[in-house]
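Structure first, then comments.
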Amino acid sequence: MFRKAMTRRGIALVLLLILVWTGTAFAFETERVSGVNFGDYGQPAYAYLQYIDSRLPDRDCVDGRNTDEARDWIAAQLKAGGYTDDQITVEDFSFEDEDGEEHPSQNVIAVLPGQTERRIIAGAHYDGTGAGDNGSGTALLLETACRLVKGDAPPHTIVFVFFGAEENDCDGSAAYAEGMSEKEVADTDFMINMDSVICGDFCYLHGGVADFKQKRVVGLEAFEKVFAIGRRLGLGIRQHPWTFDNPAPGFRVPDYPSPSTGDWSDHISFVERGIPYVYIEASNWEIPGPDRQYDGDSETADAGKIMHTKRDTLKNIEKLFPGRTLYHLQVFSLLISTALREI
Ligand SMILES: [Zn+2]
């Protein structure tokens, strides 16, 4: 009897140990910088993200049940944050899905007048079904917009745009960029794209367009300014490692020589109008993605690809990478708010 009880207790102990072990085995570390005082940067974005993740999870641009509500909620947060009705516009456009069917969508725009008419466009897509892609960029853009409206007028006029239908060929940003007048294009110094900023292993800044003939990346003025601010603040912001001199393993020429990136997000709509961009994301360009390319398509070395999977929820990301979400929001929030106040 005693033996049997011991055995049962033994089994219970082993089961408990297995539970503890698997619990910790699936929690991974995040590389952090030390000595940076983040204040409350990133905290409002985290709260916005919690709301998006729990209340507005299905923002699919074709048939998402929370998409319209997300659009209205964004406009309401901008208003609550200090923007007047005159400063907020909801712009309609329509897009064709992959079956050729037309759907309505909207971009939500807030304009913060600066000391000059020179513009910076800061954008993030709010459609999709992920917390990381792109609840996180939406939340960060909201924090940035509501933070900057409270202080002195920034040097540039800042146009904050929450894009619809990015997951359908970047149609929202295309509608916005194609609708810009020649004067608006000429007045715009650069665009900042925020897409999937929490899950990945490292915080990246991308920018510029590859000139494969000259073997260089051009249009880097904005990138260099923002990157220098990240360096000065000690934020550990990276540019991805693959250059013409150092292509990824198995490649003779990099597809996206650093610090440039691919055409898979909203910055591309502005590149097509000749507007330079910077693009922030959390990812991992040092590991191959599902298609064997070293292009950040698989954002984590320890847990694989998260975006565009069912695992892109705040609960799952917090379980896999405790604290990473807030940390990456802190890093990017401090970077972007500082850049928009200084540049
Ligand atoms: Zn995205």
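Ligands are counted one by one from 1 in listed order, and the atoms in each one are counted from 1 as well.
- In this structure, the side chain to side chain contact (heavy atoms under 4.5 Å, CB included) partners of Glu96, at least two apart in sequence or on a different chain, are Glu102.
- Not one N/O/S atom of Glu166, from backbone or side chain, sits under 2.8 Å from the Zn ion (ligand 1).
- Ion pairing between Asp201 and Arg324 holds under the 4.0 Å rule for side-chain N and carboxylate O.
- The N, O or S atom of His125 with the smallest distance to the Zn ion (ligand 1) is NE2.
- Using modelled atom types, no side-chain atom of Asp60 and backbone atom of Gly128 make a donor-acceptor pair closer than 3.5 Å.
- Its N, O or S atom nearest to the Zn ion (ligand 1) is what matters here, and for Asp133 that atom is OD1.
- In this structure, the side chain of Tyr277 engages the main chain of Gly208 through a donor-acceptor pair within 3.5 Å.
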